[in-house]
Amino acid sequence: VQLVESGGGLVQTGGSLRLSCAASGRTFGSYIVGWFRQPPGKERELVATRGRDTTFYTASVKGRFTISRDNTKNTAYLQMDSLNPEDTGIYYCAVKQGGVVNAIDPRLYSYWGQGTQVTVSL
């Protein structure tokens with residue numbers, strides 16, 4: 001599976017961005033999709049995941065971010081609203097097959113995109 005993220009950029013506090021993750025290769029619908037981010041100087045952290053019908057959000061983004069997927073287009077999305085500077089980082093999409101939807105350990109995900117930069121200014 002190959003994953004390509006897009007949609008990152010520079011936005012002011014309170015603004016919105018929509019990230020996309022386009023997948024190619026094996027059947028995208030069979031995977032659990034996760035969005036991770038890596039703030040400057042920090043560890044990579046889970047933001048949200050989506051299985052077939054189940055979603056999970058880390059506490060800091062709940063109510064502001066929405067993860068979705070369109071299996072007919074082999075694409076996952078992360079709608080990010082009410083952004084603040086703490087959301088700054090490189091955002092990655094990743095997929096894993098099987099297991100729990102709310103898996104926070106990046107090592108459980110088999111395939112990764114190259115990342116897209118999100119910068120939120122004051």
Side-chain angles (χ1 to χ4, degrees):
V1 177
Q2 295 177 326
L3 305 172
V4 179
E5 302 97 335
S6 61
L10 173 64
V11 64
Q12 291 185 327
T13 294
S16 298
L17 284 174
R18 188 193 195 204
L19 305 183
S20 297
C21 173
S24 61
R26 299 177 63 183
T27 305
F28 178 68
S30 66
Y31 288 92
I32 293 170
V33 179
W35 282 97
F36 288 77
R37 66 185 177 192
Q38 188 161 14
K42 296 185 178 180
E43 298 286 321
R44 193 172 300 190
E45 62 182 10
L46 178 67
V47 175
T49 62
R50 185 173 177 94
R52 182 175 300 178
D53 301 306
T54 306
T55 58
F56 169 82
Y57 298 94
T58 194
S60 62
V61 308
K62 199 172 293 185
R64 300 188 297 122
F65 290 13
T66 303
I67 186 171
S68 61
R69 65 193 298 169
D70 185 342
N71 293 335
T72 66
K73 297 181 179 179
N74 280 3
T75 303
Y77 305 95
L78 185 67
Q79 176 67 40
M80 305 187 295
D81 299 317
S82 301
L83 286 162
N84 60 65
E86 287 70 40
D87 296 316
T88 293
I90 302 174
Y91 282 69
Y92 300 89
C93 69
V95 297
K96 72 183 192 75
Q97 198 158 30
V100 297
V101 171
N102 60 341
I104 65 173
D105 187 344
R107 295 172 296 180
L108 296 175
Y109 293 77
S110 304
Y111 301 98
W112 291 80
Q114 82 289 349
T116 185
Q117 177 70 46
V118 171
T119 303
V120 185
S121 64
L122 291 170

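For the single chain, residues carry numbers from 1 onward in sequence order. In this text, all values refer to a predicted model and were calculated from it rather than measured experimentally.
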Inset, instruction - Check for a donor-acceptor pair, side chain of Glu45 on one end and backbone N or O of Arg37 on the other, with a separation under 3.5 Å. - result: no

Inset, instruction - Examine Phe56 and Leu78 and state if one hydrophobic cluster contains both, with Ile, Leu, Val, Met, Phe, Trp and Tyr joined whenever side-chain heavy atoms are less than 4.5 Å apart. - result: no

Inset, instruction - Spell out, as yes or no, whether a donor-acceptor pair under 3.5 Å connects the side chain of Thr54 to the backbone of Gly51. - result: no

Inset, instruction - Keeping the roles fixed (side chain from Tyr109, backbone from Ala103), state whether a donor-acceptor pair exists under 3.5 Å. - result: yes

Legend entry - Path from Trp112 to Val95 over hydrophobic side-chain contacts below 4.5 Å: no

Legend entry - Value rounded to 0.5 Å, distance of CZ in Phe28 from CG in Asp70: 9.0 Å

Inset, instruction - Name the orientation class of the two ring planes belonging to Phe65 and Tyr91 (parallel below 30°, tilted from 30 to 60°, perpendicular beyond 60°). - result: tilted

Inset, instruction - Any chance you could measure Gln2, atom CD, to Asn74, atom CG, to the nearest 0.5 Å? - result: 12.0 Å

Inset, instruction - Say whether, by atom type as modelled, one donor and one acceptor occur between the side chain of Arg44 and the main chain of Pro106 under 3.5 angstrom. - result: no

Inset, instruction - Drop me the distance from Asp87's CG to Thr119's OG1, to the nearest 0.5 angstrom. - result: 11.0 Å

Legend entry - Gln114 side chain to Val4 backbone, donor-acceptor under 3.5 Å: no

Legend entry - Distance, nearest 0.5 Å, that separates CZ of Arg52 from CZ of Arg69: 9.0 Å

Legend entry - Under 3.5 Å donor-acceptor, Gln79 side chain and Thr66 backbone: no

Inset, instruction - Please check if the side chain of Lys62 supplies one atom and the backbone of Arg64 the other of a donor-acceptor pair under 3.5 Å. - result: no

Inset, instruction - Determine yes or no for a side-chain-to-main-chain donor-acceptor pair under 3.5 angstrom, with Thr116 supplying the side chain and Ser6 the backbone. - result: no

Inset, instruction - Determine whether more than 12 heavy atoms belonging to other residues, nucleotides or ligands lie under 6.0 Å from atom CD1 of Ile104. - result: no

Inset, instruction - Give a yes-or-no answer on whether the side chains of Asn84 and Thr13 include a donor-acceptor pair shorter than 3.5 Å. - result: no

Inset, instruction - Would you kindly confirm whether Leu46 and Val33 end up in one hydrophobic cluster when ILVMFWY residues are joined by side chain heavy atoms under 4.5 Å apart? - result: no

